[in-house]
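The structure under discussion appears below in the form of structure tokens.
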Number of protein chains: 2
Amino acid sequence: MAMDQPGPADAAASRRDLAVARSLDPARVRAEKRVKRFLDAGFELLAGPSGSDFTVQEVVERSGQSLRSFYQYFDGKYELLLALFEELVRVTAEQLEQQVAEEQRAVDRLQRFVVEYHRLCRPGTKTRSARRVPTSALAQFGQQLMTTHPEEASRAFRPLVSLLEELVRQAAAEGAVRTDVPSIRLAGVLLQATMFNAFAGTISGSPGAADDGAEEFWSLIFEGVRAG
Amino acid sequence: MAMDQPGPADAAASRRDLAVARSLDPARVRAEKRVKRFLDAGFELLAGPSGSDFTVQEVVERSGQSLRSFYQYFDGKYELLLALFEELVRVTAEQLEQQVAEEQRAVDRLQRFVVEYHRLCRPGTKTRSARRVPTSALAQFGQQLMTTHPEEASRAFRPLVSLLEELVRQAAAEGAVRTDVPSIRLAGVLLQATMFNAFAGTISGSPGAADDGAEEFWSLIFEGVRAG
DNA sequence: GGAAATTGAGAGGAACGTTGCCGCATCCGG
DNA sequence: CCGGATGCGGCAACGTTCCTCTCAATTTCC
């Protein structure tokens with residue numbers, strides 16, 4: 001499950017790899033297996049009603065392992081949440097990269113990214129692997145992460161940011177996107193606005209459960225608020 | 001503690017609506033004073049490095065009162081945070097309403113709202129009353145609130161939403177803002193995007209501490225991402 | 001087969017939110 | 001002026017949660 005990509009600039013050692021790397025080669029398989037069981041249990045609990053407020057005891061019980069093992073592989077609950085966050089960002093970026101590749105024009109790829117990621121960030125969506133994605137629960141942890149440890153947050157978001165920035169760059173080269181703002185800034189604003197847009201309905205108090213409003217959101221982002 | 005509002009529209013019964021009960025019981029004055037001391041202590045602690053992770057003990061000590069009194073006026077730490085959140089939204093809405101009134105055209109009022117609220121939501125800003133506003137700390141609680149208690153969150157945000165929705169309506173009547181999206185939805189998206197835009201820099205990993213990027217953000221929101 | 005590492009089970013400590021108890025002060029009707 | 005009621009500070013205690021530690025059993029490796 002943990003695959004290393006020997007890509008050029010992406011040599012960021014993820015938390016999961018670090019946890020696994022605590023054991024050496026022969027025992028590495030067992031260690032990976034145990035770490036995976038903790039991560040799976042964490043994802044299941046994140047999908048629950050309590051969000052990220054689960055107990056380490058729950059993780060331990062659900063993983064069928066012991067507290068002793070947990071603290072051997074993770075420095076604490078924070079490290080587990082960080083590993084879950086990185087893992088989720090990583091698989092989300094992979095999924096989006098595949099979906100985006102279906103589009104021909106750069107603008108369409110950009111729109112596809114925003115729409116699909118918007119849907120992922122709405123609570124109650126499932127991935128293609130039928131595993132429920134607790135994006136909204138992890139968004140809360142992500143926000144906490146951004147305020148308390150900005151550098152780690154930036155590092156965790158890198159896969160998504162890199163992908164989106166490349167899409168923005170291509171769309172700009174196609175002449176479809178404004179170029180008076182650096183593409184990295186554009187990517188940051190887009191990602192943030194998309195990720196937290198699920199809260200817009202809650203803020204305004206309107207349910208709007210009929211459609212998810214992904215296309216409407218894209219229209220607002222792409223064409224702006226100004227009257228046509 | 002919970003009073004119903006017989007008023008027409010603006011009578012949102014806030015958690016701290018003990019105010020203006022001036023000529024009533026003298027005991028009420030004392031109670032108000034004590035509540036205010038707890039709230040002030042809470043605001044000071046929110047401005048600290050720990051954010052909303054402060055201890056009720058700290059609140060009690062800083063307010064110079066007792067634990068016994070705290071639990072007489074608040075059902076728990078959650079209720080205190082909720083009261084702080086509502087209070088902050090209330091005074092922010094009042095402040096923005098005054099600033100917005102300085103502009104003549106409806107579009108300028110809308111821009112002024114977005115730019116000023118954007119600045120408020122950046123960490124490290126101060127209000128005109130020289131009291132530090134822990135908006136970023138409370139944004140985290142606000143997000144948690146939106147996921148766990150959407151109705152209470154919606155109610156707490158009402159002052160800001162009502163003001164912004166009115167500004168959008170006026171700008172739409174002026175023909176400056178698109179009308180194919182209900183103004184309440186537009187207000188929700190605008191408020192959310194503005195409030196969390198401070199995280200865009202953290203996500204993209206770019207410091208960007210030179211300017212706060214409020215005008216750039218407004219440009220992106222107003223004119224969109226599409227190439228001119 | 002035996003040494004060494006790893007794991008499971010549980011005890012327990014520290015921090016925090018919350019409640020209960022006691023004693024004192026202040027208020028209030030008679 | 002007074003006696004109960006309420007408010008309030010100080011303090012200890014309880015439950016929960018995160019985390020550390022010990023000890024024995026098991027597995028792995030040579």
Side-chain angles (χ1 to χ4, degrees), chain A residues 15 18-39 41-42 45-46 48-84 137 140-141 144-145 148-149, chain B residues 1 18 21 23-42 45-46 48-84 137 140-141 144-145 148-149:
Chain A
R15 227 80 193 171
L18 288 181
V20 169
R22 288 191 179 183
S23 284
L24 288 183
D25 309 303
R28 195 187 188 91
V29 185
R30 289 177 298 135
E32 245 184 85
K33 215 166 179 175
R34 288 187 179 272
V35 168
K36 182 180 182 338
R37 286 168 71 183
F38 282 127
L39 289 179
L45 289 171
L46 274 177
S50 315
S52 62
D53 286 346
F54 56 81
T55 307
V56 219
Q57 285 290 348
E58 293 178 285
V59 179
V60 166
E61 292 168 5
R62 188 175 282 261
S63 73
Q65 297 173 115
S66 76
L67 201 64
R68 173 75 178 74
S69 296
F70 178 85
Y71 284 104
Q72 181 160 23
Y73 291 108
F74 297 95
D75 283 346
K77 185 184 177 183
Y78 173 82
E79 299 283 334
L80 172 68
L81 286 174
L82 193 55
L84 290 171
Q140 189 171 323
F141 176 73
Q144 176 186 345
L145 197 66
T148 58
H149 305 279
Chain B
M1 185 66 67
L18 316 156
S23 61
L24 288 185
D25 301 340
R28 196 182 192 90
V29 183
R30 288 179 298 137
E32 232 182 282
K33 216 167 179 176
R34 288 188 176 270
V35 168
K36 180 175 179 352
R37 286 168 71 183
F38 282 127
L39 290 178
D40 288 343
L45 289 171
L46 275 176
S50 314
S52 63
D53 287 347
F54 56 81
T55 307
V56 287
Q57 285 289 351
E58 294 178 286
V59 179
V60 166
E61 293 169 4
R62 189 174 282 262
S63 73
Q65 297 174 114
S66 75
L67 204 62
R68 175 73 179 75
S69 295
F70 178 84
Y71 284 101
Q72 181 161 21
Y73 290 107
F74 296 95
D75 284 345
K77 186 184 178 184
Y78 173 82
E79 298 283 335
L80 172 67
L81 287 173
L82 193 57
L84 290 171
Q140 191 171 321
F141 176 72
Q144 177 187 346
L145 197 67
T148 57
H149 304 279

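To find a chain, count down the sequence lines: A is the first, B the second, and so on, and within it residues start at 1. Keep in mind that what you see is a predicted model, and the values were worked out from it rather than measured.
Using a 4.0 Å cut-off, no side-chain N or O of A:S69 falls inside it from OP1 or OP2 of C:dT6. One finds a side-chain N or O of B:R34 lying less than 4.0 angstrom from the OP1 or OP2 phosphate oxygen of D:dC8. The side chain of A:Y78 contributes no N or O atom lying less than 4.0 Å from OP1 or OP2 of D:dC18. Residue A:Y71 places at least one side-chain N or O closer than 4.0 Å to OP1 or OP2 of D:dC19. Put simply, A:T55 has no side-chain N or O that comes within less than 4.0 Å of OP1 or OP2 on D:dT16. OP1 or OP2 of D:dG7 has at least one side-chain nitrogen or oxygen of B:Q72 nearer than 4.0 Å. Taking side-chain N and O atoms only, B:Q65 has no distance below 4.0 Å to OP1 or OP2 of D:dC8.
Taking five base pairs at each end of the helix from C:dG1-D:dC30 to C:dG30-D:dC1, the local helix axes there meet at an angle of 10°, rounded to 10°.
Put simply, CG on B:L45 and OG1 on B:T55 are 8.5 Å apart, with the number rounded to the nearest 0.5 Å. A distance of 8.0 Å separates CD of B:Q144 from OG of A:S52, quoted to the nearest 0.5 Å. Taken to the nearest 0.5 Å, the CG atom of A:L80 stands 9.0 Å off from the CZ atom of A:F141. With rounding to the nearest 0.5 Å, the separation of CD in A:Q140 from CG in A:D53 is 7.0 Å.
Within the 4.5 Å cutoff, no side-chain heavy atoms of A:Q65 are placed close to those of A:Y73.
Nearer to the 5' terminus of DNA chain C, by closest-nucleotide assignment, is the contact made by A:L67 (compared with the other of A:L67 and B:D75).
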